[in-house]
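Per chain, numbering begins at 1; letters A, B, ... match sequence-line order.
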Amino acid sequence: MFKHFQKALINSLLVVLLLGILMMPISSMGLMSFRTQEEREVLSVQDTTEKTEENTFIDYEKEEETYLERILREAEESTESTTMQTE
Amino acid sequence: MFSKILIKLIDEAIVPAILLLVVRLVSVVLLSRHLRIPFTVSNSGFVFNSPEDYIKINSYSMVFMLIALVLGLSYTLVKSFFFHSSHITPKLTTKVFSLKMSSFIQNSFELYSQGAIWVSYLYLLLLVGGIMALFGLVYPWIFYICLGTSVLSSVLFIIDVEKEIRISNMEDNEFDYYEDTEEELILEFGDDYV
């Protein structure tokens, strides 16, 4: 009983080995792929790009600071104008 | 303990597997160079910039694989038809022995195990080619060529197997021995010839 089981096990391993060898060159056909449109549009560090307004570095902290200063200045101006009108 | 047929099939499958793998890799590189198609090698293998380039290289590379398979199959079929130990002609036997190429003469077990492996590779290529053609990853004519080759090689192998079955079923009195009318061949086996 055990002897038959051992024989069947070895032979099934041989079948797996045979199928593996058979599939080896066929699986090499999956060693090829291509870049999709989306993948091609992603910029890489190695890509050279022209320096335009679109890709220039924006300092958001400085932008926020100037924006707040402008709002404060406008608020001050508006309060000054209202006090002048009341006088 | 080990199955004799399985061992033989594994033994016969190694050389075609390596051959096809090498043909695939070399053909991809050479075709890309020849057609000036750029590619990069990454974890996912050869990566092409566009699907058109991929389809072109994939298709022509598959043609090279098919050519390698056809060559291997033809070699096995020629041996099956002309150098099969069961039905090789006496004249050809003498010629083969005089040329010291007796390894060409093989029995059914050797020939059919080789044939089964080559035909299996062809069917697998047909299957993969069909799936790829269905999804537009290779040109459809590749699949039709694979199909034609598979059918033709299968028919030729079946003819040889039928011939073999007919011979094995024949009785002793059914064998005909013809008198050789052509010129007599004298074999010289090196220094032992007297």
Side-chain angles (χ1 to χ4, degrees), chain A residues 1-70, chain B residues 1-25 27-28 32 37-58 61-62 65 68-69 116-117 120-121 123-129 131-132 137-138:
Chain A
M1 175 71 186
F2 183 73
K3 199 180 173 184
H4 287 294
F5 176 74
Q6 201 179 2
K7 193 179 174 181
L9 185 75
I10 289 167
N11 285 332
S12 34
L13 284 173
L14 285 174
V15 170
V16 172
L17 181 66
L18 176 66
L19 290 175
I21 295 169
L22 284 176
M23 288 308 291
M24 191 172 70
I26 303 301
S27 62
S28 74
M29 294 175 84
L31 281 173
M32 283 169 71
S33 60
F34 56 87
R35 285 197 189 120
T36 56
Q37 187 69 28
E38 288 168 5
E39 283 172 337
R40 272 182 282 163
E41 282 170 0
V42 174
L43 284 174
S44 164
V45 181
Q46 293 168 333
D47 291 344
T48 52
T49 51
E50 286 178 25
K51 198 165 188 175
T52 57
E53 277 184 25
E54 285 172 3
N55 57 25
T56 47
F57 176 71
I58 302 164
D59 191 347
Y60 287 103
E61 280 184 21
K62 200 179 177 181
E63 287 286 317
E64 196 180 352
E65 208 175 295
T66 19
Y67 175 71
L68 289 170
E69 276 174 8
R70 190 161 55 86
Chain B
M1 191 175 222
F2 296 107
S3 167
K4 195 183 166 189
I5 296 169
L6 277 172
I7 296 286
K8 184 70 188 164
L9 286 174
I10 290 167
D11 184 34
E12 296 292 346
I14 293 167
V15 173
I18 293 166
L19 177 79
L20 288 174
L21 196 68
V22 169
V23 166
R24 174 70 175 178
L25 297 175
S27 65
V28 167
S32 305
I37 293 172
F39 68 88
T40 50
V41 182
S42 67
N43 290 336
S44 52
F46 299 98
V47 182
F48 292 90
N49 287 333
S50 68
E52 292 79 27
D53 290 346
Y54 169 82
I55 292 167
K56 192 185 273 181
I57 296 293
N58 197 21
S61 170
M62 215 162 157
M65 279 179 92
L69 266 175
I117 291 297
S120 304
Y121 279 123
Y123 285 148
L124 282 170
L125 198 72
L126 175 73
L127 184 74
V128 175
I131 293 166
M132 281 187 161
L137 297 173
V138 287

Using heavy-atom distances under 4.5 Å, tell me whether [X] contacts chain A through its side chain, its backbone, both, or neither.
X	value
B:Thr40	side chain
B:Val128	side chain
B:Val23	neither

Quick one: pull up [atom1] in [X] and [atom2] in [Y] and give me the separation to the nearest 0.5 Å.
X	Y	atom1	atom2	value
B:Leu137	A:Ser33	CG	OG	11.0 Å
A:Phe34	B:Ile57	CZ	CD1	14.0 Å
A:Arg35	B:Asp53	CZ	CG	11.5 Å
B:Arg24	A:Met24	CZ	CE	14.0 Å

Please tell me if the side chains of [X] and [Y] come closer than 4.5 Å, counting only heavy atoms from C-beta onward.
X	Y	value
A:Leu31	B:Leu25	yes
B:Leu124	A:Met23	yes
A:Leu18	B:Ile117	yes

Nearest heavy-atom neighbours spanning [X] and [Y]:
X	Y	answer
B:Leu21	A:Ser28	CD1-CB, 3.3 Å
B:Ile10	A:Ile21	CG2-CD1, 3.7 Å
B:Met132	A:Met29	CE-O, 4.0 Å
B:Leu20	A:Pro25	CB-CB, 3.5 Å

- Query: When heavy-atom pairs shorter than 4.5 Å are enumerated against chain A, which of B:Ser44, B:Ser61, B:Pro16 gives the highest number?
  - Reply: B:Ser44
- Contact winner vs chain B - A:Val15, A:Ile10, A:Leu14, heavy-atom pairs under 4.5 Å: A:Leu14
- Which atoms of A:Ile26 approach chain B - backbone, side chain, both or neither, heavy atom under 4.5 Å: side chain
- Item | Residue A:Leu22 versus chain B: region with a heavy atom under 4.5 Å | both
- So with a 6.0 Å cut-off around CG of A:Leu17, is the heavy-atom count from everything else above 12? yes
- Which residues pass the salt bridge (Lys or Arg N to Asp or Glu O under 4.0 Å) test with B:Lys56, sequence neighbours left out? none
